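Notes follow the structure.
First the proteins, then the strands, lettered A, B, ... as listed; each starts at 1. Since this is a predicted model, take the numbers as computed values, not measurements.
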Amino acid sequence: MSILEQLNPAQREAAAATKGPVLVLAGAGSGKTRVLTYRIAHLIQEQGVAPWNILAVTFTNKAAGEMRERVEHLVGDLANEIWIGTFHSICARLLRYEAEHFGLDRSFSIYDEDDRRAAMRRVFEAYNINDKDLTPRSVIAQISRAKNAMVDPMTFASEAGQSANKKLIADLYTAYEADLRRNNALDFDDLLVETVRQFDNHPNVLEKYQQRFHYAHVDEYQDTNRPQYMLCRQLADHHRNLCVVGDDDQSIYQFRGADLRNILDFERDYPDAQTVRLEQNYRSTKRILEAANQVIANNKDRKGKALWTDGEEGHLIELVQCDTDRREARFVVESLRQLTGSGGYAPGDAAILYRTNAQSRALEEELQRSGLRYTIVGSIRFYERREIKDVLTYLRLLANPADDVGLRRIINVPRRGIGDTSLDYVQRHALNNGLNLFTAIGQLDFVEGLNARARKQIAAFRDIMEDLSAARKTAQLAELGQLVFERSGYLQMLRDENTPEAQMREENVEQLIAFMTEFSDTREEATLEAFLEEIALMSPMDETEGNGNAITLMTLHSAKGLEYPVVFMCGMEENLFPTARSVEESRRDPQAIEEERRLCYVGITRARERLYLTYTNRRYAYGNMIDCDPSRFLQEIPDELFSVKREVVDFNPRMRKPGQTRFGTSSQRESNRSGQQVRKKVVEKKMPKGVHYEWDAPKQASEDLFSDLVDQDDFLAVGQWVRHASWGKGQIVARDGQGENMKLSIRFGPHVKKVAVAYAQLEPA
DNA sequence: CAGGGACAAAATGAA
DNA sequence: TTTGTCCCTG
């Protein structure tokens, strides 16, 4: 009996169709990963295909790992021989394998957003650009768009025509590319574009892989961009056994060049393609599915399909209107407390989804207060933390000394007294002699202009790097990491700082080193390059694992491919979801809203049993309250699917400021004398002379928090314990207000330069 | 060169 | 409200 017997008829049809091009249109929760894994197992076990003749491409490492695991479950160790990976990792691998044929240096660095911005800043300096509305960021965006369209600098220039602006961008693009080449570096886009281009230029190399991959599979085909599309075509061109799986309704990566047309036109690209639709959903209740179907039905640009399920009607969807974002967070947390308490759900059963990462803050604060376990996917990514990036940059420089961007990042971290001026001398020497910075530093005696002090410091840095470089030949990966941490002086720097944050940073680096050990233990090819590549291509999803017992917070984008019994979608408001930008664009082009709607569809279909949709009347943005309207997507869900709409409002304990007064503020958490957790808020601002301010503050206060401020002579400090007070420098009046607030007002005398106002709230135990 | 203040900009999403 | 950059001073 074939293993395909375990599939439903549509799934079986898709998995059994192994000859020729196949398009599987798989709705959310219809078992597409199942189809892919069974198809691969079927090929290996029942059709006798060698695993190394099979290619499977996904978008995230997590998806790739999951697929390998599931195939392994079916066919055993043979699964290890299959080429499974993300587009980016497979391309990186191909570029390194074929480096000689392609004329590349195989130790190339992979630049992330930070690095490419740093590189672009250098280009800006070289071109002396001071134009206000030309930022490195915007130029990079344009270059990235060009790359995704497979437009190289020369083509870009020739298409620029008479437009001075375009010409300038073309120049910057050219210079940026030259810079990356000089640094022996590729950015994310390059990994894909270079591979396609190299294959174009080296048909004999391409042919090798075409021969090799008898069967190719591509997951999430709706999110492929131009180079990814071309790569698929290139690799599958010989055997033509290309199986693409996707859902046009879940295409959410247009912003990074994904082209919906790739999936919509698949049948045109391959007229002999067989198309299979998977429309039976095994995940969600009828009501949730109906909501999703109704929302997505408003899109025009789609193949059209309707999910259905045998499952239960299920619970009604909860629609909740909240006064503020803070109140919204509190509602979510209160609900979660119930659900995970008497509700019988585990924390790991629930996800909180939002449109933008910034929204996670209010939610996190409330969760922290509640003591519920949670993890956040992707907001402050581990590998983007400063200390981690710094240490990694040292390592990167050891692997690729030509990496000027990397060298600039760490040559003065920790502080060695090597400033821009000194580095400019080195740069000049490098430029004059066609060297990279690292090599230039090696010839310090020939660098002109440096004073003795700088020369000594740079020499010290050079010695460190040479030591590390020598150690690299013998040391294990983790040993090398530890050595970098110590020898660079980074560890000492953190120790000297002697703060809890520095302590935390030290622990983070230790964690990185632990990961290096694990990497060596589990990989056959545990080289420094392989390690750096893995980290560079890691997605935020990949960083969270083994937290099945915690509530997950993430963006809607990160949630794709996942499912949870309980899902909260927060911030269902116009100008947030859909974003202001798409609302704006949709005035000219009604289609512009469609990607947002697909994202909404993705969110809804993550839920298995319970779905909560929340929106607010007002929300903080850049430090001030803005009014919000409910999202149009809410109106697209039929009323009968909702339970009674709930409205949650309560006292807003934040400081309010009448008039146009603006304060700089900061808040921090600390313990008071009796060991209670206290949130302290300090407001300070340089004051114009003799101005009168008035505002509300909460009544509860903790006197001892402010004593340090009171003592400073150019500060006036006010806590609620002050009833009447006056200093020579100004006058303070505090009186009881209504409710939980008390009115504070201050009149400032002419010689007051600064004022600090602090109040504190006791945290609930 | 480093540290601090003033001021401007920021945040859609991500490999 | 937070973060980054520019400019000034010691």
Using the test side chain to side chain donor-acceptor pair (under 3.5 Å), find all partners of [X] that sit at least two apart in sequence or belong to another chain.
{"X": "A:Arg587", "result": "A:Glu584"}
{"X": "A:Asp187", "result": "A:Arg116, A:Lys147, A:Tyr176"}
{"X": "A:Ser582", "result": "A:Thr579"}
{"X": "A:Arg495", "result": "A:Glu506"}

Ranking A:Arg137 and A:Glu113 by the position along DNA chain B of their nearest nucleotide, the one closer to 5' is A:Arg137
Each nucleotide N or O in nucleotides 4-7 of chain C that has a protein N or O under 3.5 Å away: list the pair and distance.
unit_1: C:dT5; atom_1: OP1; unit_2: A:Arg121; atom_2: NH1; d: 3.3

Of the listed B:dT12, B:dA15, B:dA14, the closest approach to the A:Thr555 side chain comes from B:dA14
Rounded to the Å, how far apart are [X] [atom1] and [N] [atom2]?
{"X": "A:Glu220", "N": "B:dA15", "atom1": "CD", "atom2": "P", "result": "13 Å"}
{"X": "A:Arg619", "N": "C:dT1", "atom1": "CZ", "atom2": "P", "result": "16 Å"}
{"X": "A:Arg386", "N": "C:dT3", "atom1": "CZ", "atom2": "C1'", "result": "12 Å"}
{"X": "A:Glu585", "N": "B:dG13", "atom1": "CD", "atom2": "C1'", "result": "14 Å"}
{"X": "A:Asn148", "N": "B:dA14", "atom1": "CG", "atom2": "P", "result": "16 Å"}
{"X": "A:Asp325", "N": "C:dT1", "atom1": "CG", "atom2": "P", "result": "12 Å"}
{"X": "A:Tyr354", "N": "B:dA11", "atom1": "OH", "atom2": "C1'", "result": "14 Å"}
{"X": "A:Glu595", "N": "B:dT12", "atom1": "CD", "atom2": "P", "result": "14 Å"}

Considering residues at least two apart in sequence or located in another chain, which fulfil the ring pair (Phe, Tyr, Trp, His ring centres under 6.0 Å) criterion with [X]?
{"X": "A:Tyr615", "result": "none"}
{"X": "A:Tyr253", "result": "A:Phe255, A:His557"}
{"X": "A:Tyr229", "result": "none"}
{"X": "A:Phe59", "result": "A:Phe87"}

Output one line per pair: protein atom, nucleotide atom from nucleotides 1-3 of chain B, and distance, for all N/O pairs under 3.5 Å.
unit_1: B:dC1; atom_1: OP1; unit_2: A:Gly419; atom_2: N; d: 2.5
unit_1: B:dC1; atom_1: OP1; unit_2: A:Ser422; atom_2: OG; d: 3.0
unit_1: B:dC1; atom_1: OP2; unit_2: A:Asp420; atom_2: N; d: 3.4
unit_1: B:dC1; atom_1: OP2; unit_2: A:Thr421; atom_2: N; d: 3.4
unit_1: B:dC1; atom_1: OP2; unit_2: A:Thr421; atom_2: OG1; d: 3.0
unit_1: B:dA2; atom_1: OP1; unit_2: A:Gly417; atom_2: N; d: 3.2
unit_1: B:dA2; atom_1: OP2; unit_2: A:Asn412; atom_2: ND2; d: 3.3
unit_1: B:dG3; atom_1: OP2; unit_2: A:Arg415; atom_2: NH1; d: 3.3

Expected list for residues 248-259 of chain A near DNA chain B, using heavy atoms below 4.0 Å, is A:Tyr253, A:Phe255, A:Arg256
> What nucleic acid atoms does A:Thr356 come within less than 4.0 Å of, heavy atoms only: base, sugar-phosphate, or nothing?
Replying inline: sugar-phosphate
Which of A:Ile252, A:Leu562, A:Leu556 passes side-chain contact (heavy atoms from CB on, under 4.5 Å) with A:Val602? Answer is A:Ile252
Distance col, row A:Phe531:CZ vs A:Phe515:CZ, nearest 0.5 angstrom, shows 6.0 Å
| Looking only at side-chain N and O atoms, does A:Ser558 come under 4.0 Å of OP1 or OP2 in B:dA14? | yes
- Task: Could you tell me whether the phosphate oxygens of B:dA14, OP1 or OP2, come under 4.0 Å of any side-chain nitrogen or oxygen in A:Asn357?
- Result: yes
How far, in whole Å, is C:dT5 from B:dT12 if one measures between their C1' atoms? 24 Å
- request: Using the P atom as the reference point in each nucleotide, state the distance between B:dG13 and C:dG4 in Å, no decimals.
  value: 16 Å
In short, salt bridge (charged side-chain N to carboxylate O under 4.0 Å, His left out) pairs touching residues 414-425 of chain A with sequence neighbours left out are none
TODO: Take atom CD of A:Glu448 as the centre, draw a 6.0 Å sphere, and report whether it contains more than 12 heavy atoms from other residues, nucleotides or ligands.
DONE: no
